[in-house]
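Just below is one structure, and these are the notes that go with it.
Nothing fancy with the numbering, it's 1 onward along the sequence. Below, all heavy atoms of this structure are taken into account, side chains as well, without hydrogens, waters or symmetry copies.
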Amino acid sequence: MTLQTGILLASMALGGLYGVALCWRPHSLFKLVVKTGSTALLALWAYLLGGPILLVAGLALSSLGDFFLEADEGDRFLLPGMGAFFAAHIAYIALFWALPQADRSVLNLAAQIGLIASGVVFIRWLAPSVTKQMRLPVILYGGIILMMGAAALRLEPAYLPVLLGALMFIASDVILSFQLFVRPADAPRLALPSIALWFLYYGGQALIAWGVLGNLA
């Protein structure tokens, strides 16, 4: 077994552990290490396989975002976490624009318009549940992740795993927004939504990495 394979398996093991046993539980140092380690190892795996620097940056910045969001029970690190993920999406947008693009078609354009329109409607619906000081960051973050999804929709069919991963990433953020802004602050975190959120997010990141690395050379 190669070093790269071992690192990927370790990432998957940590990701699976977090998803089935930890993601809905209260914050702890162990939970922080498992969550952050699973995505940090994805970044290391991509780096050791010679992945594009923008892919490695997107994965590493996402891991940093995981660290901030898992750092404590309050919202003290919410903005730094959102900032890290914002930067990760910028890296992904730049990466997707550098990858081979599919021929433009009416279907492709309709999918992009549908994605962005749906996102705008959702953000507009969510806004009243967001505090005034967080409203602008949420709108900006929503805009950048929709741009990431629209960029993924332009890729050649060979990059279908990347597109699926990007859409899973967006879906995970929809669930997260409910947990952060719609669910009452004193309500217990339910296991099923947390499990769905995590496996959409981790699986989405893994598919983006696998889809890009699988098309190298």
Can you check whether [Y]'s main-chain N or O pairs, donor with acceptor, with [X]'s side chain at less than 3.5 Å?
| X | Y | answer |
| --- | --- | --- |
| Thr36 | Val33 | no |
| Arg25 | Ala21 | yes |
| Ser11 | Ile7 | no |
| Ser63 | Ala40 | yes |

Taking atom CE of Met134 as the centre, does the number of heavy atoms from other residues, nucleotides or ligands within less than 6.0 Å exceed 12?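 More than 12 within 6.0 Å, yes.
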
When you look at CZ of Phe199, are more than 12 heavy atoms from neighbouring residues, nucleotides or ligands closer to it than 6.0 Å?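 Count over threshold, so yes.
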
Contact check, side chains of [X] and [Y], non-hydrogen atoms, under 4.5 Å:
| X | Y | value |
| --- | --- | --- |
| Val162 | Leu95 | no |
| Ser62 | Thr39 | no |
| Leu197 | Val174 | no |
| Ile175 | Tyr201 | no |
| Asp173 | His89 | yes |
| Pro161 | Trp210 | yes |
| Tyr92 | Gln205 | yes |
| Pro100 | Leu155 | no |

According to the interplanar angle, ranging from 0 to 90°, do the rings of Phe169 and Phe85 count as parallel (below 30°), tilted (30 to 60°) or perpendicular (above 60°)?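 Perpendicular: the ring planes of Phe169 and Phe85 meet at over 60°.
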
Before we go on, tell me: are the rings of Phe181 and Trp125 under 6.0 Å apart, centre to centre? no

To the nearest 0.5 Å, tell me how far Leu8 CG sits from Leu3 CG.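 Reported value, rounded in 0.5 Å steps: 11.5 Å.
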
Could you walk me through whether Glu70 and Tyr18 pass side chain to side chain donor-acceptor pair (under 3.5 Å), step by step? CA-CA 12 Å; Glu70 196 58 54; Tyr18 184 84; 3.0 Å; yes

